[in-house]
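Below is one structure, written out as structure tokens, with a few remarks after it.
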Amino acid sequence: MKVNRSYLVPLFTLLAMVYSLTPLFGVEVKVKDVKGKPNEFIRVQAETTGKIVQWVSLDDGLSVFPSELLKDTKTGVVVASLPGKYRLLAYTAEKDEPSIPVICIVEILGVVPPTPPVPPTPPTPPVPPEPVPPAPPAPIPVAGLRVLIIFDASKETELPASQQSILRGKLFDDYLIKNTVMGPDGKTKEYRIWPATTVLTSDVEKHWKDAMGLKRDSLPWLIVSDGKTGYQGPLPSTVSDTIKIIDNIIKPSK
Amino acid sequence: MISQLRPNEPIINDGNFRQFIASSDVVGGNFGHKGLIPRSLTTHPVGVLKGSAPFDTSFKLVPKSDWSPMVKEFTETESRLSDLRMRGNNGTFIPSLDQNGQGYCWAYSTTMAIMMTRMKMRLPYVRLSAHATACMIKGFRDEGGWCGLSMERQVTHGTPSVALWQEKSMSRSNDKPETWANAALHKVSEGWVDMASEVYNRQLTFEQVITLLLCGIPVAADFNWWGHSVCLLDVVEVEAGSFGIRGINSWTDGWGDKGMFILQGSKAVPDSAVAPRVVYASAA
């Protein structure tokens, strides 16, 4: 049965102090400090006229051999596995009168192992970068930024005002004039805004004919190409969103 | 806020329209410029011209409650046809056409509408020859017509560049194969819009024209009170709730504000109107 000894130290300390002041108490116990090695049985001898001596370990790590198994309880037997100093208390009684409890030090020799250091927190492993998807192929495989917008002329009156500003507004026009390449005539920038039913004459450049022939899922439709990569998809609803798509072709975000 | 009105454009309305009519000509019983022969809906009902389609089968009307906000939005974003005209010639403005000498306004109005449509499509700027269309229809006679006649030929034959048929030229030497090969590059696609109503229902024509202009579709329009045909560009809210129409004339940039003007009130309601929706895409 495990004894809860947490209360014993202050109790016996108090009693030892009280009894030391009263020479009127009869039997005495005297115990000397002892030393020993780890895991070795260490004898502790009590000098007393009392017949039975009780031994109590006050510190964890020091074990006391059961007294009832000893031939002579005036000799206590203890053992500890770790070096250090441990407190051992002894008391007896005679003619129904207890003795003053005494405390001795049992020193287990050896180097007290240092407190193991707290292992460092392992570094957070770096998050592997997400794989960069390959750039989509250029819808217009000719060097230079080109933009083609295709719309349904029969539904032109139903386009929202924000998309009509893409087709005709100055902000988007200025942006395209600044960023698209010059055409072969040396005057006209390479961006077009064509109804889906536009008939292309024989003198129209091949890359525009091919771009008009690309598959489309809906109208209005946006095609952007710099000759290496590009975008094909529904025309966004605002000028700013359309410019973002084209900006991402000019300067891809990482 | 950008003003809807241009600084020098005349506003022609019921109060001042007589200033703009030539007193020497009579068209349809009224004083007016020569050149416009009013359309007969008996001989030429809407939809009968080759390649045309009536408005009703082509578009949904924009409700009148949307006119004012749309006009404001397109003024602020400089999305009007007049704005495009001012930058459509590779960043500079597209000059007015010049019909001077012949009563061919009915061909000049449609020719400018075709050039504006090319500009909308961001095609290379080409100045087209309205005289070529009118001369071929009238056999080189200086006679009047109406915008639908001109548009019909511009569907079947196209319109040549002034490089092949000089503007205001009545010379038969222009009529040669290379002229019509070039003209074929500038055809109007089928499905152009034909609008005209009897007198009792001219408000419908006005609303149809407004719808197309709000969506950036230029309209060639005949005005019997004026004896004249012009190309219309924008809707303008002249006063709160009062809408006029901005047009571009064929009397050079010296007239009006670089050729532009506004029609208001009953003078803004056309008697007949046509609109190209799609033109051929060409490199020149």
Side-chain angles (χ1 to χ4, degrees), chain A residues 146-178 180 182-209 211-213 220 238-240 242, chain B residues 2 53 55 57-62 66 69-74 76-81 83-84 86-92 117 119-126 158 181-182 184-191 193 208 210-217 276-284:
Chain A
R146 289 174 171 79
V147 174
L148 173 62
I149 294 175
I150 306 164
F151 66 97
D152 184 350
S154 69
K155 292 186 166 49
E156 198 168 357
T157 62
E158 299 170 44
L159 288 176
S162 60
Q163 278 191 324
Q164 299 215 32
S165 292
I166 300 172
L167 302 191
R168 305 195 307 272
K170 185 174 187 297
L171 179 66
F172 193 51
D173 254 343
D174 287 348
Y175 173 84
L176 292 176
I177 287 172
K178 180 183 173 187
T180 55
M182 182 63 76
D185 67 356
K187 299 176 198 172
T188 311
K189 284 302 194 96
E190 290 279 272
Y191 68 97
R192 302 288 184 267
I193 300 175
W194 288 348
T197 56
T198 298
V199 173
L200 307 185
T201 58
S202 57
D203 65 332
V204 170
E205 294 85 0
K206 182 177 182 301
H207 59 265
W208 291 123
K209 290 179 182 172
M212 281 292 280
T238 65
V239 171
S240 58
T242 308
Chain B
I2 301 175
F55 182 97
T57 62
S58 305
F59 296 109
K60 287 171 60 175
L61 277 176
V62 172
D66 290 350
M70 286 179 77
V71 168
K72 288 186 173 68
E73 162 101 18
F74 295 141
E76 286 301 313
T77 57
E78 298 183 67
S79 306
R80 303 165 297 184
L81 284 174
D83 296 313
L84 282 177
M86 294 308 292
R87 60 181 192 260
N89 180 11
N90 301 309
T92 63
T117 305
M119 175 202 63
K120 252 183 71 177
M121 292 168 64
R122 306 313 194 276
L123 292 168
Y125 167 69
V126 179
N182 180 267
L185 298 176
H186 313 122
K187 285 184 179 180
V188 176
S189 295
E190 296 201 358
V193 187
Q208 291 171 345
I210 292 284
T211 290
L212 295 181
L213 295 180
L214 282 173
C215 300
I217 300 171
R277 281 162 52 182
V278 185
V279 299
Y280 281 25
S282 63

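Every chain is numbered from 1, with letters handed out A, B, ... down the list of sequences.
- Side-chain contact between B/Tyr125 and A/Thr188: absent, with no pair of heavy atoms (C-beta onward) separated by less than 4.5 Å.
- For chain A, the nearby parts of B/Leu185 are the backbone and the side chain; heavy atoms of each come within less than 4.5 Å.
- With sequence neighbours excluded, no residue satisfies side chain to side chain donor-acceptor pair (under 3.5 Å) with B/Asn182.
- In this structure, chain A has a heavy atom under 4.5 Å from the side chain of B/Phe74, while its backbone stays farther away.
- B/Gln208 places a side-chain heavy atom less than 4.5 Å from the side chain of B/Leu61.
- No part of B/Val193 comes within reach of chain A, as not one of its non-hydrogen atoms sits under 4.5 angstrom from that chain.
- The candidate with the highest count of non-hydrogen atom pairs below 4.5 Å against chain B, out of A/Ser165, A/Ala153, A/Gly183, A/Pro184, is A/Ser165.
- The shortest distance between side-chain heavy atoms of A/Pro195 and B/Arg277 does not fall below 4.5 Å.
- Listed by chain and residue number, A/Asp152 satisfy the side chain to side chain donor-acceptor pair (under 3.5 Å) test with A/Ser154 (two or more places apart in sequence, or in another chain).
- Under the side chain to side chain donor-acceptor pair (under 3.5 Å) criterion, A/Thr198 pairs with no residue, sequence neighbours left out.
- Heavy-atom distances place the side chain of A/Asp185, and not its backbone, under 4.5 Å from chain B.
- Heavy-atom neighbours of A/Lys187 NZ from other residues, nucleotides or ligands within 6.0 Å: at or below the threshold of 12.
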Go through A/Glu205 and A/Arg146 one step at a time and tell me if the salt bridge (Lys or Arg N to Asp or Glu O under 4.0 Å) criterion holds. CA-CA 13 Å; A/Glu205 294 85 0; A/Arg146 289 174 171 79; over 6 Å; no

List the steps and the verdict of side-chain contact (heavy atoms from CB on, under 4.5 Å) for B/Val278 and B/Thr117. CA-CA 7 Å; B/Val278 185; B/Thr117 305; over 6 Å; no

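- Contacts between A/Ile177 and chain B at a heavy-atom distance below 4.5 Å are absent for every atom of the residue.
- For a residue to count as touching a neighbouring chain, one of its non-hydrogen atoms must lie under 4.5 Å from one of that chain's; by this rule A/Glu156 touches chain B with backbone and side chain alike.
- For A/Arg192 (side chain) and B/Arg122 (main-chain N/O), a donor-acceptor pair under 3.5 Å exists by modelled atom type.
- Ranked by heavy-atom pairs under 4.5 Å with chain A, the list B/Ile217, B/Asp83, B/Val279 is led by B/Ile217.
- Residues of residues 166-173 of chain A placed with any heavy atom under 4.5 Å of a heavy atom in chain B are listed by number as A/Leu167, A/Arg168, A/Gly169, A/Lys170, A/Asp173.
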